[in-house]
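Quick notes on the structure that follows.
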Amino acid sequence: MPKQVDHRARREAIARALWRVAEQRGVPHLTMREVAQEAGMSLGQLQHYFASREAMLSFAMDFAAEQTTLRVGRGLAALGDAPHPRDVLRVMLTETLPLHPDARATSRMSAAYVLEALHDDALRTRARDGILHGRDLVEQLIRRAVADGLVPADRDPVAETHLLLALTGFTTLLELGAVGPEEVLAAIDQHLDRLFTGPA
């Protein structure tokens with residue numbers, strides 16, 4: 001009986017190989033040939049799953065987003081029932097930053113994807129839509145927190161959302177060793193404390 005091939009698992013293995021290439025060797029090495037070699041398959045085998053480099057990158061980015069969502073979900077589950085929105089926002093922020101190996105791999109994949117998206121309209125639209133979706137979730141949380149009296153009523157939810165998203169800029173500082181994880185977590189906690197408790 002012919003061996004059954006799990007095509008989704010193969011695509012995910014290719015995506016993880018692409019992440020490793022991006023993390024260890026950089027964007028210039030994200031060729032189908034190098035990814036195939038990293039995945040332990042021939043170029044022809046890889047092309048059976050992805051007809052183009054763009055298709056491979058798009059799947060790898062979607063898979064990275066899925067993994068980030070799963071990590072956030074596990075973090076939220078650990079908070080228990082009806083978690084405080086401050087804690088929810090902290091999980092959402094910290095899981096997008098390269099603070100541990102899994103997050104670092106998906107973060108570097110995201111950086112590589114953004115570089116590609118700058119020169120490809122279709123990729124740019126996909127990347128922008130993903131960011132806007134995440135942004136909307138954050139704004140909804142803040143608006144709910146304002147309505148529940150957990151955030152001062154004079155705070156502008158749109159501006160506060162943008163300020164929270166700006167904290168993801170710590171990615172570059174972390175990757176280049178300009179700041180350490182403890183400093184980043186302290187800054188995030190301080191910002192969230194100010195948002196939820198107001199000025200001292």
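- Considering every non-hydrogen atom in both Leu89 and Val138, the closest pair reads CD2-CG1, 4.0 Å.
- Crowding of Arg53 atom CZ: a count of heavy atoms from other residues, nucleotides or ligands under 6.0 Å exceeding 12.
- One finds the NE2 atom of His191 at 9.5 Å from the CD1 atom of Ile188 (value rounded to the nearest 0.5 Å).
- Distance check: Thr197 OG1 to Leu150 CG gives 11.5 Å after rounding to the nearest 0.5 Å.
- With sequence neighbours excluded, the residues that form a side-chain contact (heavy atoms from CB on, under 4.5 Å) with Val146 are Ile142, Val151.
- The same ILVMFWY cluster, assembled from side-chain heavy atoms under 4.5 Å apart, contains both Leu185 and Phe170.
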Show your reasoning for whether salt bridge (Lys or Arg N to Asp or Glu O under 4.0 Å) applies to Asp121 and Arg124.
CA-CA 5 Å; Asp121 289 342; Arg124 183 164 57 249; 2.2 Å; yes
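- You'll find the side chain of Glu23 stays beyond 4.5 Å of the side chain of Met109, heavy atoms only.
- Within the 4.5 Å cutoff, the side chain of Asp193 has heavy atoms near those of the Arg86 side chain.
- One hydrophobic cluster, built from ILVMFWY side chains closer than 4.5 Å, cannot hold both Leu70 and Phe59; they sit in different ones.
- In this structure, CD in Glu95 is found 11.5 Å from CD in Gln67, a value given to the nearest 0.5 Å.
- For Ala15 against Phe63, the heavy-atom pair with the smallest separation is CB-CD2, 3.7 Å.
- A 4.5 Å side-chain heavy-atom check between Leu192 and Leu164 finds at least one atom pair inside the cut-off.
- Atom CZ of residue Arg74 and atom OG1 of residue Thr69 lie 10.5 Å apart, to the nearest 0.5 angstrom.
- Scored by the side-chain contact (heavy atoms from CB on, under 4.5 Å) test, Thr172 finds Leu176 as partners (sequence neighbours excluded).
- The heavy-atom pair separating Pro181 from Leu99 by the smallest distance is CB-CD2, 3.8 Å.
- Screening residues 78-104 for ring-ring contact (aromatic ring centres under 6.0 Å, His included), with sequence neighbours left out, gives His84-Phe196.
- When each of Val72, Thr168, Leu167 is paired with Thr96, the side chain to side chain contact (heavy atoms under 4.5 Å, CB included) condition holds for Thr168 and for no other.
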Do Arg11 and Met56 pass the side chain to side chain contact (heavy atoms under 4.5 Å, CB included) test, and can you show the C-alpha distance, the side-chain angles, and the key distance before you say yes or no?
CA-CA 9 Å; Arg11 287 187 173 89; Met56 179 180 68; over 6 Å; no
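- With sequence neighbours left out, the side-chain contact (heavy atoms from CB on, under 4.5 Å) criterion links Glu54 to Ser52, Asp120.
- Between Arg16 and Glu12 there is no salt bridge, since no side-chain nitrogen of the basic residue lies less than 4.0 Å from a carboxylate oxygen of the acidic one.
- Under the 4.5 Å side-chain criterion, counting only non-hydrogen atoms from C-beta, Thr161 is in contact with Leu165.
- Pro85 places none of its side-chain heavy atoms less than 4.5 Å from the side chain of Arg144.
- Salt-bridge check for Arg108 with Glu175: passed, with a basic side-chain N closer than 4.0 Å to an acidic carboxylate O.
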Could you please spell out the steps behind the salt bridge (Lys or Arg N to Asp or Glu O under 4.0 Å) verdict for Arg8 and Glu66?
CA-CA 14 Å; Arg8 170 71 188 191; Glu66 288 174 17; 2.8 Å; yes
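- Contact check for Thr106 versus Arg71: side-chain heavy atoms found under the 4.5 Å cut-off.
- No continuous path of hydrophobic side-chain contacts links Ile131 to Leu93 [ILVMFWY only; heavy atoms under 4.5 Å].
- Of all heavy-atom pairs between Ser42 and Ala36, the closest is O-CB, 3.8 Å.
- Taking all atoms of both residues into account, the shortest heavy-atom contact from His7 to Tyr49 is ND1-CE2, 3.2 Å.
- Using a 4.5 Å cut-off on side-chain heavy atoms (C-beta onward), Arg126 and Tyr113 make contact.
- The CE atom of Met92 lies 6.0 Å from the CG atom of Leu141; values are rounded to the nearest 0.5 Å.
- Note that the CZ atom of Arg90 and the CG atom of Asp189 stand 4.0 Å from one another [nearest 0.5 Å].
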Please output the side-chain donor-acceptor pairs of residues 24-31 that fall under 3.5 Å, not counting sequence neighbours, one pair per line with the distance.
unit_1: Arg25; atom_1: NH1; unit_2: Glu34; atom_2: OE1; d: 3.0
unit_1: Arg25; atom_1: NH2; unit_2: Glu38; atom_2: OE1; d: 2.6
unit_1: His29; atom_1: ND1; unit_2: Glu34; atom_2: OE1; d: 3.3
unit_1: His29; atom_1: ND1; unit_2: Glu34; atom_2: OE2; d: 2.8
unit_1: Thr31; atom_1: OG1; unit_2: Glu34; atom_2: N; d: 3.1

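- Pairs of residues two or more places apart, or lying in two chains, never qualify as ring-ring contact (aromatic ring centres under 6.0 Å, His included) while including a residue from residues 130-153.
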